[in-house]
Amino acid sequence: MSKLLLILVLNGLLADPSAALDNGVRVNLDPRNGSGQTGVATLIPAGKKTRVVIDLSGAPEKAQSASIQLGPCDASGSSAKWTLKPLREGRSITLVPASIDTLVKQPAAVNVRGSGTQSAVACGNISG
C-alpha cells in the first residue's frame, strides 16, 4: 500500500491543485486611494471556468467587494463584468464562469472596493 501512495504522490495525483500554477496567472494588487492594502489575485484554470483567489494584506475585518472589470485599473467608467465573492479578512475565492483565456485576451483588471463605498482600495491589471 505504501508503494502505491508513493507512486501517486510522485505522479502529482495527490498534489494541492493550487500549488500547480503552470497555466495560472498571478495579478499583483496595488493600493489605491491611500488604502495601503496590497496583495495578489491568482487566476487558476478550471476547465471552462476560472478560480479567482484573492489574498489582501492590510484589509479590514469588514467585508469588501471585488470584481473583474473590463479595461485596466486606470480606465474611468469601467464596470464590473464578473462579481467576485466578498473578501472576508482579506480573502476571497470565486469560481468565475469564464475561461482563463477569456480573462487574459482582453484588457481587464481585478478591483477591490472598500466596505460601503465604490472607491477602489486595491487593483491589478490582468495579463497572460
Side-chain angles (χ1 to χ4, degrees):
M1 184 63 136
S2 63
K3 286 183 183 181
L4 177 60
L5 182 60
L6 178 60
I7 291 169
L8 291 173
V9 169
L10 291 176
N11 285 322
L13 296 177
L14 296 180
D16 179 358
S18 65
L21 294 177
D22 292 340
N23 297 324
V25 174
R26 179 184 168 103
V27 178
N28 291 323
L29 301 174
D30 298 319
R32 298 287 175 169
N33 298 310
S35 72
Q37 296 180 45
T38 62
V40 173
T42 306
L43 285 57
I44 304 165
K48 294 182 180 182
K49 298 180 180 184
T50 303
R51 184 173 319 283
V52 179
V53 179
I54 299 175
D55 285 302
L56 200 61
S57 62
E61 290 183 17
K62 291 183 177 181
Q64 294 179 291
S65 60
S67 64
I68 295 177
Q69 68 184 34
L70 295 182
C73 290
D74 293 332
S76 62
S78 294
S79 60
K81 175 69 175 174
W82 294 281
T83 301
L84 304 176
K85 290 187 179 177
L87 279 77
R88 305 248 185 245
E89 296 182 4
R91 183 151 172 89
S92 170
I93 300 174
T94 307
L95 193 59
V96 174
S99 71
I100 197 161
D101 291 336
T102 298
L103 297 176
V104 299
K105 76 178 180 182
Q106 58 195 341
V110 176
N111 189 1
V112 179
R113 290 172 301 285
S115 179
T117 178
Q118 289 302 313
S119 296
V121 294
C123 192
N125 294 320
I126 299 171
S127 61

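Throughout, residue positions are numbered sequentially from 1 according to the sequence presented. What's counted below: heavy atoms across the whole structure, side chains too, no hydrogens, waters or symmetry copies.
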Looking at [X] and [Y], would you say the former's side chain and the latter's main chain have a donor-acceptor pair under 3.5 Å?
X     : Y      : value
Thr50 : Ile100 : yes
Asn33 : Val121 : no
Thr42 : Arg26  : no
Thr94 : Val96  : no

### Task
Start with the C-alpha distance between Asn125 and Val27, add both sets of side-chain angles, then the distance that settles side chain to side chain contact (heavy atoms under 4.5 Å, CB included), and finish with yes or no.
CA-CA 7 Å; Asn125 294 320; Val27 178; 6.0 Å; no
### Query
Do you know which two heavy atoms are closest between Pro60 and Gln37, and how far apart they sit?
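The pair with the smallest heavy-atom distance is CD-NE2, 3.8 Å.
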### Query
What are the two closest non-hydrogen atoms of Gln64 and Ala59, and how far apart are they?
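Minimum heavy-atom contact is OE1-CB, 3.5 Å.
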### Query
Between Asp74 and Arg32, is there a side-chain N and carboxylate O pair less than 4.0 Å apart?
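Arg32 and Asp74: salt-bridged.
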Euclidean distance, [Y] [atom2] relative to [X] [atom1], rounded to 0.5 Å:
X     : Y     : atom1 : atom2 : result
Lys49 : Ile44 : NZ    : CD1   : 15.0 Å
Ser65 : Leu84 : OG    : CG    : 9.5 Å
Ser35 : Asp30 : OG    : CG    : 10.0 Å

### Query
Are the side chains of Leu87 and Val112 in touch, meaning some heavy atoms are under 4.5 Å apart?
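Touching, per the 4.5 Å side-chain cut-off.
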### Query
Can Arg113 and Ser67 be said to form a side chain to side chain contact (heavy atoms under 4.5 Å, CB included), step by step?
CA-CA 9 Å; Arg113 290 172 301 285; Ser67 64; 3.1 Å; yes
### Query
Are Val25 and Leu70 co-members of a hydrophobic cluster defined by side-chain heavy atoms under 4.5 Å apart?
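Yes, it is one cluster - the side chains of Leu70 and Val25 are joined through contacts under 4.5 Å.
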### Query
So which pairs with a foot in residues 83-99 pass salt bridge (charged side-chain N to carboxylate O under 4.0 Å, His left out), sequence neighbours left out?
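Residue pairs with at least one partner in residues 83-99: Asp55-Arg91.
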Quick one: side chains of residues 102-109, donor-acceptor pairs under 3.5 Å with protein atoms, not counting sequence neighbours, listed by atom name and distance.
from   : atom 1 : to     : atom 2 : distance (Å)
Thr102 : OG1    : Ser99  : OG     : 3.0
Gln106 : NE2    : Thr102 : O      : 3.4

#### Entry: Steps toward side chain to side chain contact (heavy atoms under 4.5 Å, CB included) verdict (Leu56, Thr38)
CA-CA 6 Å; Leu56 200 61; Thr38 62; 5.5 Å; no
### side chain to side chain contact (heavy atoms under 4.5 Å, CB included) between Val40 and Leu29, worked out
CA-CA 5 Å; Val40 173; Leu29 301 174; 5.8 Å; no
### Task
Only pairs at least two apart or in different chains count here, so list each disulfide (SG to SG under 2.5 Å) that has a residue in residues 89-123.
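Only Cys73-Cys123 qualify under disulfide (SG to SG under 2.5 Å).
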